[in-house]
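As structure tokens, the structure follows; a few thoughts come after it.
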Protein chains: 2
Amino acid sequence: MGRKVIDNPNVCSLVHAMNVIGNKWKPILIYLLANGSLRFGKLLMFTPTISKKVLTEQLRELEEDGIIIRKKYAEIPPRVEYSLSEKGKALLPILKSLSQWTQDSYNEIEFEACRIVTL
Amino acid sequence: MGRKVIDNPNVCSLVHAMNVIGNKWKPILIYLLANGSLRFGKLLMFTPTISKKVLTEQLRELEEDGIIIRKKYAEIPPRVEYSLSEKGKALLPILKSLSQWTQDSYNEIEFEACRIVTL
DNA sequence: AATAGTGGTTACAAAATGGTAACTAATGGG
DNA sequence: CCCATTAGTTACCATTTTGTAACCACTATT
């Protein structure tokens, strides 16, 4: 079909960014951690409709990608605190501008009511 | 489980933005249209490994969300030109900063080689 | 009459993602 | 001995997303 395949670092980086944050829960989780660390249980409470399994998965992936830091305390019952890394913090203004873009570009009626969490 | 569900316009807007651009192909397509309009066939060439079907779907959705404009010319063989709307253009600096974030945060080895297209 | 070119559509399949419910380990308190 | 608490894990299922390959409509050219 004669397709051109040439390296484009900008596009590649963008694809990578989307792999890291572009799914249903990750941007929300990052936003929730914006104001400081939270325990697993709090993240679960503040992200209604997410399941334990999926929350665990998402947190693990964010940790692998260096966005968040997982701190486990040797206590019983267990305590685990999640917080943003420097990479993660660097994302915040970008997520904020994405959020702002929506508010500038669409009126409320255009995006279905979405009831999520605040701190 | 005692979950708090409170409206948070920032998170809602972010979720909406991700619904609009956060998938495998859309950010790439927006990027490809950054420098002007392109025909269907060119978009297909410049986005290797995307299929006609999926390209059509993605373009339709971007059009519905007001990101791109589809202009059909009454010619034979058909000609269709896709270009960014104002909403779409407003996304470009944000996508650029996401791309930049990756380049600042990861070294090349960390994200697997991704061969995509340039214009 | 057959073929090429463009921008699709259709039926179907595979893969990725997200969700449910039950279960676990470790320990303190009643 | 039983229960509560926290941060998970496990097996299984459902939904969503993405991909493949064949087909179509319209006209010009050979």
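Since this is a predicted model, take the numbers as computed values, not measurements. First the proteins, then the strands, lettered A, B, ... as listed; each starts at 1.
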Between [N] atom [atom2] and [X] atom [atom1], what is the distance in whole Å?
X       : N      : atom1 : atom2 : answer
A:Tyr73 : D:dG8  : OH    : P     : 13 Å
A:Glu81 : D:dA7  : CD    : C1'   : 13 Å
A:Gln58 : C:dT17 : CD    : P     : 9 Å
A:Ile76 : C:dA26 : CD1   : P     : 8 Å
A:Leu44 : C:dT20 : CG    : C1'   : 14 Å
B:Leu55 : C:dT9  : CG    : C1'   : 14 Å
B:Asn19 : C:dG18 : CG    : C1'   : 14 Å
A:Lys71 : D:dG8  : NZ    : C1'   : 20 Å

Closest listed nucleotide, where the reference is the side chain of [X] and the choices are [options]:
X       : options               : result
A:Arg39 : D:dT6, C:dG7, D:dT18  : D:dT6
A:Lys53 : C:dG8, C:dT20, C:dA26 : C:dT20
B:Phe40 : C:dG7, C:dG19, D:dA7  : C:dG7
A:Asn23 : C:dT6, C:dT20, C:dG18 : C:dG18

Interatomic distance, A:Leu95 atom CG to B:Ser13 atom OG [nearest 0.5 angstrom]: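 That separation rounds to 12.0 Å.
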Side-chain H-bond candidate by donor/acceptor type, A:Asn23 with A:Gln58, under 3.5 Å: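 Yes, side-chain donor-acceptor contact under 3.5 Å.
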First of A:Pro77 and A:Thr56 reached from the 5' end of DNA chain D, by closest nucleotide: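 The 5'-side residue here is A:Pro77.
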Distance test, side-chain N/O of B:Arg79 to OP1/OP2 of D:dT27, below 4.0 Å: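 Checking D:dT27 against B:Arg79, no side-chain N or O comes under 4.0 Å of OP1 or OP2.
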Does a distance-only test, which skips hydrogens and angles, find a donor-acceptor pair under 3.5 Å between the side chain of [X] and the base of [N]?
X       : N      : value
A:Lys24 : C:dG18 : no
A:Lys72 : D:dA7  : no
B:Lys52 : C:dG7  : yes

Touch class at under 4.0 angstrom, heavy-atom based, for A:Tyr82 against every strand present: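 Touches sugar-phosphate only.
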A:Arg60/A:Glu64 ion pair, N-O < 4.0 Å: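 Here A:Arg60 does not pair with A:Glu64 in a salt bridge, since their nearest N and O are not under 4.0 Å apart.
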Salt bridge present between B:Glu81 and B:Arg70 (N-O < 4.0 angstrom):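 Judged by the 4.0 Å cut-off on N to carboxylate O distance, B:Glu81 and B:Arg70 do not form a salt bridge.
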Parallel, tilted or perpendicular, as decided by the 30° and 60° cut-offs, for the rings of A:Tyr106 and B:His16: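 Ring orientation of B:His16 relative to A:Tyr106: perpendicular.
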